[in-house]
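First the structure, in the form of structure tokens, and then the observations on it.
These values consider heavy atoms only, across backbone and side chains, with no hydrogens, waters or symmetry-generated copies. For clarity, every value in this text was computed on a predicted model and none was experimentally measured.
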Amino acid sequence: MKLVYAIVRNDNEDDVTAALNAEHFYITKLSTVGGFLRKGNVTLLIVTEDDKVEQIIDIIKRECGQSQDITVNMPYISGTGMMNSSTVPVKVKIGGATVFVTDVERFEKF
């Protein structure tokens, strides 16, 4: 058995969970927040048989789409250690998903 952790943006959560449920995958959702952009995410926990992992990943890829580059203006610390009120543009990717797959030693559902 495998445990799939899928971190998806709130914008994609409904589509991903609906598509996974349509294929009879059961999901536990955790509300999470990204550390860099501090935007809302959902972490999906999905336990499945080993041979179903690729199907789950394909569904997540299809429903989350591709990531996009955006520019975020981030405040920065100057050479003196003081927070500078002007900002530095930083290009980051948003969208898509982050997926981890781990082995499950034991799984029980009551």
Side-chain angles (χ1 to χ4, degrees):
M1 297 212 71
K2 299 288 186 188
L3 173 59
V4 178
Y5 296 89
I7 304 167
V8 301
R9 294 182 63 211
N10 283 345
D11 298 344
N12 300 117
E13 180 263 329
D14 287 336
D15 295 333
V16 173
T17 56
L20 288 167
N21 287 154
E23 296 294 326
H24 307 290
F25 292 110
Y26 297 101
I27 302 162
T28 298
K29 296 189 305 184
L30 305 173
S31 294
T32 53
V33 175
F36 183 68
L37 295 176
R38 296 183 182 90
K39 297 292 182 187
N41 296 317
V42 174
T43 300
L44 305 175
L45 308 177
I46 310 148
V47 175
T48 190
E49 299 298 328
D50 293 11
D51 62 337
K52 299 286 186 182
V53 170
E54 289 305 317
Q55 181 183 0
I56 290 171
I57 292 173
D58 289 343
I59 291 169
I60 294 167
K61 282 181 184 177
R62 182 182 72 230
E63 298 302 328
C64 286
Q66 298 214 349
S67 57
Q68 304 166 348
D69 288 328
I70 64 165
T71 301
V72 179
N73 290 326
M74 302 295 294
Y76 68 96
I77 304 213
S78 67
T80 63
M82 301 288 290
M83 181 68 79
N84 195 320
S85 60
S86 57
T87 58
V88 176
V90 177
K91 210 166 238 209
V92 296
K93 288 193 180 289
I94 63 167
T98 302
V99 177
F100 301 90
V101 180
T102 61
D103 290 322
V104 174
E105 186 174 317
R106 181 176 172 173
F107 173 74
E108 294 183 33
K109 188 171 181 173
F110 300 99

- prompt: Can you tell me how far the CG atom of Leu44 sits from the CZ atom of Phe25, to the nearest 0.5 Å?
  reply: 13.0 Å

message: Test question: given the 4.5 Å side-chain rule for I, L, V, M, F, W and Y, name all other residues clustered with Phe107, or answer none.
response: Met1, Leu3, Tyr5, Ile7, Leu30, Leu45, Val47, Phe100, Val104

- prompt: What residues form a side-chain hydrogen bond (donor to acceptor under 3.5 Å, both in side chains) with Glu63, not counting sequence neighbours?
  reply: none

query: Just how far is it from atom CG of Asp58 to atom CD of Glu23, taken to the nearest 0.5 Å?
result: 11.0 Å

query: Hey, what do you get for CD1 (Ile59) to OG1 (Thr17), rounding to the nearest 0.5 Å?
result: 11.5 Å

message: So, taking the atom named CG in Asn41 and the one named CZ in Arg9, what distance separates them when rounded to the nearest 0.5 Å?
response: 8.0 Å

- request: Would you give the length of the straight line joining atom CD of Glu49 to atom CD1 of Ile56, rounded to the nearest 0.5 angstrom?
  value: 10.0 Å

task: Identify, with sequence neighbours excluded, every residue that meets side-chain contact (heavy atoms from CB on, under 4.5 Å) alongside Val101.
output: Lys2, Val4, Val53, Ile57, Val99

query: Roughly how far, to the nearest 0.5 Å, is CG of Asp103 from CG of Asp50?
result: 7.0 Å

